[in-house]
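Below you'll find the structure, written out as structure tokens, and then a few comments.
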Amino acid sequence: MATSDNLTVRSLDGLQLATTLVQPAAPTTRAVVLVHGGGVTREEGGFFTRLADGLADAGVASLRFDLRGHGESEGRQEELTLATILNDIRVALACVREATDAQEVTLFGTSFTGGVAVYYTAHRPKEVARLVLFNPQLNYKWRTIDSRPYWVNESIAEEAAQELNESGGIQFTPTLRHGRPLLNEAFWFPTQEAISQVQAPTLIVHGTADTLVPIESSRAAVPKFTAPVGSRAPFGRCSPVGPV
């Protein structure tokens, strides 16, 4: 019978991150680290919960964690950056290896964390056996800066700047706030360059009805991968984005 344990792991800079480790009944050499999107929790509205159970049934362990400033993890959303997510993925990968003795670990990035997962996989090829991306955000500048009405000619409007001054963050979605560190980082984070450097086999799944990340971004990314890349459509209103 599979086991599920809620644990805390310490980030490199000292925060306690809430995690859930699910292990199959029999010992396994395979594991997945599930990284949720911005503004939600490690359950991803129940999707990651069900996915972890299914993985355990298939003999695969999984670790999912709340991003800092999300769910039960310490920290503030305004302090979240793409670099801190990279370091927290590093800790999660080490944790699942230590807990399960897994030899092959898959990194699973979702929506907002998709581009970060790509970057990590590109720069730490020995740590990630496979990469899975669900509705991945692959252009942080477009999503965070260019598509926001309060940025004009790459300069933030005075009202939004005042909100940052007064509260330390700006309301990006109803459940997600961005601070100045991430807003500045979005100008420079090289996700597109990292795509061609990924060595791990990659699966992209993207829904046609996603209102936050258009499916066209995944379709455009497929030709940039040099590693094997494909897609699946396991549930309604999903369309393939590349060769299978």
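Counting heavy atoms from C-beta outward, Asn135 and Leu212 have side chains that stay 4.5 Å or more apart. Contact of the Asn139 side chain with the Thr191 side chain is not registered, since no non-hydrogen atoms from C-beta on lie closer than 4.5 Å. In this structure, the side chains of Leu182 and Glu79 stay at 4.5 Å or more apart for every pair of heavy atoms. Residues Leu107 and Val132 are not in side-chain contact: their nearest non-hydrogen atoms beyond the backbone lie 4.5 Å or more apart. Residues Asn165 and Gln162 meet the side-chain proximity criterion, which asks for heavy atoms closer than 4.5 Å. Looking only at side-chain heavy atoms (C-beta outward), Val32 and Val105 stay at 4.5 Å or farther from each other. Between Phe225 and Pro201 there is no side-chain heavy-atom pair separated by less than 4.5 Å. Side-chain contact between Phe47 and Thr110 is absent, with no heavy atoms from C-beta onward closer than 4.5 Å.
Follow the hydrophobic side-chain contacts under 4.5 Å out from Trp142 and you never reach Ile215; the two are in separate clusters. Clustering ILVMFWY residues whenever any of their side-chain heavy atoms sit less than 4.5 angstrom apart, transitively, puts Phe189 in the very cluster that holds Ile85. Phe134 and Leu55 fall within the same hydrophobic cluster, where Ile, Leu, Val, Met, Phe, Trp and Tyr residues are linked whenever their side-chain heavy atoms come under 4.5 Å apart, directly or through other members. In the hydrophobic clustering of ILVMFWY residues, with side-chain heavy atoms under 4.5 Å counting as a link, Phe187 and Leu138 come out apart. Hydrophobic clustering keeps Ile145 apart from Leu82 (ILVMFWY residues linked when any side-chain heavy atoms are closer than 4.5 Å, directly or through intermediates).
A salt bridge between Asp13 and Arg68 is present, with a side-chain N of the basic residue lying under 4.0 Å from a carboxylate O of the acidic one. Classification of Arg64 and Glu43 as a salt-bridged pair holds, one side-chain N sitting under 4.0 Å from a carboxylate O.
Not one N or O on the side chain of Tyr140 forms a donor-acceptor pair closer than 3.5 Å with the backbone of Pro190. Checked by atom type and distance alone, the side chain of Thr28 pairs as donor or acceptor with a backbone atom of Gly59 at under 3.5 Å. Under the 3.5 Å distance criterion, the side-chain polar atoms of Glu78 are left unmatched by any main-chain donor or acceptor of Arg180. Judged by distance alone, the side chain of Thr84 and the main-chain N or O of Leu80 form no donor-acceptor pair under 3.5 Å. In this structure a side-chain-to-backbone donor-acceptor pair under 3.5 Å is missing from Ser73 to Leu17. Without hydrogens or angle criteria, Gln171 side chain to Thr173 main chain gives a donor-acceptor distance under 3.5 Å. A distance-only check finds a donor-acceptor pair linking the side chain of Thr100 to the backbone of Val96 [under 3.5 Å]. The main-chain N or O of Glu127 is found under 3.5 Å from a side-chain atom of Arg97 such that the two form a donor-acceptor pair. Judged by distance alone, with hydrogens and angles left aside, the side-chain atoms of Thr226 form a donor-acceptor pair with the main-chain N or O of Ser196 at under 3.5 Å. Looking at Gln103, its side chain does come within 3.5 Å of a backbone N or O of Asp101 through a donor-acceptor pair.
Rounded to the nearest 0.5 angstrom, Glu44 CD and Thr41 OG1 are separated by 7.5 Å. To the nearest 0.5 angstrom, Leu131 atom CG is 4.0 Å from Thr121 atom OG1. In this structure, CG on Leu12 lies 4.5 Å from CG on Asn87, to the nearest 0.5 angstrom. Atom OH of Tyr119 and atom CD of Gln192 lie 13.5 Å apart (nearest 0.5 Å).
Looking at every heavy atom in both residues, Leu133 comes nearest to Gly114 through CD2-O, 3.6 Å. Closest approach of Leu67 to His36, counting heavy atoms only: N-NE2, 2.9 Å. When every heavy atom of Ser218 is checked against every heavy atom of His206, the shortest pair comes out as OG-ND1, 2.7 Å. The shortest non-hydrogen separation linking Pro136 to Val205 is CD-O, 4.3 Å. When every heavy atom of Leu86 is checked against every heavy atom of Tyr120, the shortest pair comes out as O-CE1, 3.4 Å. Taking every heavy atom of both residues into account, Ala18 and Glu72 meet most closely at CB-CB, 3.7 Å.
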Next item on the list: Begin with the C-alpha distance, continue with both residues' side-chain angles, and end with the deciding distance and a verdict on salt bridge (charged side-chain N to carboxylate O under 4.0 Å, His left out) for Glu104 and Arg30.
Entry: CA-CA 5 Å; Glu104 294 185 1; Arg30 297 178 297 161; 6.0 Å; no

* **Chi angles and distances behind the side-chain contact (heavy atoms from CB on, under 4.5 Å) call for Leu51, Phe108** => CA-CA 11 Å; Leu51 181 57; Phe108 190 121; 3.7 Å; yes

For Gln137 and Arg143, run side-chain hydrogen bond (donor to acceptor under 3.5 Å, both in side chains): C-alpha distance rounded to whole Å, both residues' side-chain angles, the deciding distance at 0.1 Å, then the answer. CA-CA 8 Å; Gln137 178 54 258; Arg143 179 59 185 160; over 6 Å; no

Dump the intermediate steps for side-chain contact (heavy atoms from CB on, under 4.5 Å) on Lys141 and Asp146, then the final yes or no. CA-CA 6 Å; Lys141 182 174 181 291; Asp146 298 341; 2.8 Å; yes

If you apply the rule side-chain hydrogen bond (donor to acceptor under 3.5 Å, both in side chains), what do you find for Gln197 with Glu193, and how did you get there? CA-CA 7 Å; Gln197 299 169 15; Glu193 291 88 339; over 6 Å; no

Can Thr20 and Asn6 be said to form a side-chain hydrogen bond (donor to acceptor under 3.5 Å, both in side chains), step by step?
CA-CA 4 Å; Thr20 300; Asn6 292 326; 2.8 Å; yes

Worksheet item: Can you check side-chain contact (heavy atoms from CB on, under 4.5 Å) on Ile170 and Leu183, steps first, answer last?
Response: CA-CA 10 Å; Ile170 193 165; Leu183 294 175; 4.3 Å; yes

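Between the side chains of Tyr150 and Glu163, no donor-acceptor pair of N or O atoms lies under 3.5 Å. In this structure, a donor-acceptor pair under 3.5 Å is absent between the side chains of Ser155 and Asn153. No hydrogens or angles considered: nothing links the side chains of Asp88 and Ser11 as a donor-acceptor pair under 3.5 Å. No side-chain donor from either of Thr19 and Arg42 sits under 3.5 Å from a side-chain acceptor of the other.
Qualifying ring pair (Phe, Tyr, Trp, His ring centres under 6.0 Å) partners for His178, counting only residues two or more places apart in sequence or in other chains: Phe112, Phe172.
The side-chain contact (heavy atoms from CB on, under 4.5 Å) test with Thr113 is passed by exactly one of Ile89, Val118, Val35, Leu34: Val35.
Residue Val22 is found outside any hydrophobic cluster, as its side-chain heavy atoms come under 4.5 Å of no other Ile, Leu, Val, Met, Phe, Trp or Tyr.
Applying the 6.0 Å contact sphere to CD of Glu74 captures more than 12 heavy atoms from other residues, nucleotides or ligands. No more than 12 heavy atoms of other residues, nucleotides or ligands shown are found within 6.0 angstrom of CD on Glu159. A 6.0 Å sphere centred on CZ of Arg90 holds no more than 12 heavy atoms belonging to other residues, nucleotides or ligands.
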